[in-house]
Each structure stands twice: as structure tokens, then as C-alpha cells.
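First the structure, in the form of C-alpha cells, and then the observations on it.
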Amino acid sequence: MEHVTDINKKEYIDDCKEIVKTTIALENIVLSDHELTTLTEEIMDTSLMMGGDYSKENIRAIAVQYVRNNFLPRFQSAHRE
């Protein structure tokens, strides 16, 4: 799993952050920029671990699962600045 988290995300982070932000906004969830970045990086890692890539469809599908499985309140509790 370490090899997945070592992949440089800088080239993709802005596009992926926008996808995550748009997806969770539909649920009236607001995150700080730091929280959004951390969440997006976790979603990107999850996508790669599942054998996917950083495509719009993969990132959105995982973000939807985070919302549906009520993961975001736990994420926010763990990552509040």
C-alpha cells in the first residue's frame, strides 16, 4: 500500500478537489480547504488501491460512497484544525 501513497498527486489534485467539493456540496457538507485537500488525497489513494485511476468517474464514485456510508462526520472529527 505504501507505493500507492507515494505517487505524486500534485498534477491531479486540483481537478480531483473540485470533483470532491462538488460531490459533497450536494449533501450540504462544508469542509475547510485543508480538510478538502486531505479528504481528496485519501479518495485518490483509495481509487488507486482499488485498481482505478484519478478519472472523474472514479473520484466521484468514491466520494459518493464516503457520503452514503456516513464517513464524512468521522473524517471531520479526526481532521479538524
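Just so you know, residue 1 is the first one in the sequence shown, and it goes up from there. Note that the structure is predicted; figures quoted are calculated from it, not measured.
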query: Just how far is it from atom OG1 of Thr40 to atom CD1 of Ile62, taken to the nearest 0.5 Å?
result: 11.5 Å
message: With a 4.5 Å cut-off on side-chain heavy atoms, are Tyr66 and Val20 touching?
response: no
- request: Might you confirm whether atom OH of Tyr12 has over 12 heavy atoms from other residues, nucleotides or ligands at distances under 6.0 Å?
  value: no
- request: Report the distance from atom CG of Leu39 to atom OG of Ser32, rounding to the nearest 0.5 Å.
  value: 10.5 Å
- request: State, to 0.1 Å, how close Glu41 and Lys9 come at their nearest heavy-atom pair, and which atoms those are.
  value: O-CE, 3.8 Å
- prompt: Taking C-beta and beyond as the side chain, do Thr38 and Leu31 meet within less than 4.5 Å on heavy atoms?
  reply: no
statement: In this structure, CD of Gln76 is separated from CD1 of Ile29 (nearest 0.5 Å) by 6.5 Å
query: What pairs meet the salt bridge (charged side-chain N to carboxylate O under 4.0 Å, His left out) rule with one or both residues in residues 13-22, with sequence neighbours excluded?
result: Lys17-Asp33
message: Main chain of Ile43, side chain of Ser47: is a donor-acceptor contact present, judged purely on distance under 3.5 Å?
response: no
- prompt: Arg74: what forms a side chain to side chain contact (heavy atoms under 4.5 Å, CB included) with it, not counting sequence neighbours?
  reply: Phe71
Value rounded to 0.5 Å, distance of CZ in Arg60 from OG1 in Thr23: 5.0 Å
query: Who passes side chain to side chain contact (heavy atoms under 4.5 Å, CB included) against Val30, sequence neighbours left out?
result: none
- request: Kindly indicate, with the supporting measurements, whether the criterion side chain to side chain contact (heavy atoms under 4.5 Å, CB included) is fulfilled by Tyr54 and Glu11.
  value: CA-CA 10 Å; Tyr54 298 145; Glu11 183 178 338; over 6 Å; no
message: I'd like to check the side-chain hydrogen bond (donor to acceptor under 3.5 Å, both in side chains) partners of Ser55; sequence neighbours left out, ordered by chain and number.
response: Asp53, Asn58
query: Is it the case that one hydrophobic cluster holds both Leu48 and Met50, taking links as side-chain heavy atoms less than 4.5 Å apart, direct or via other members?
result: yes
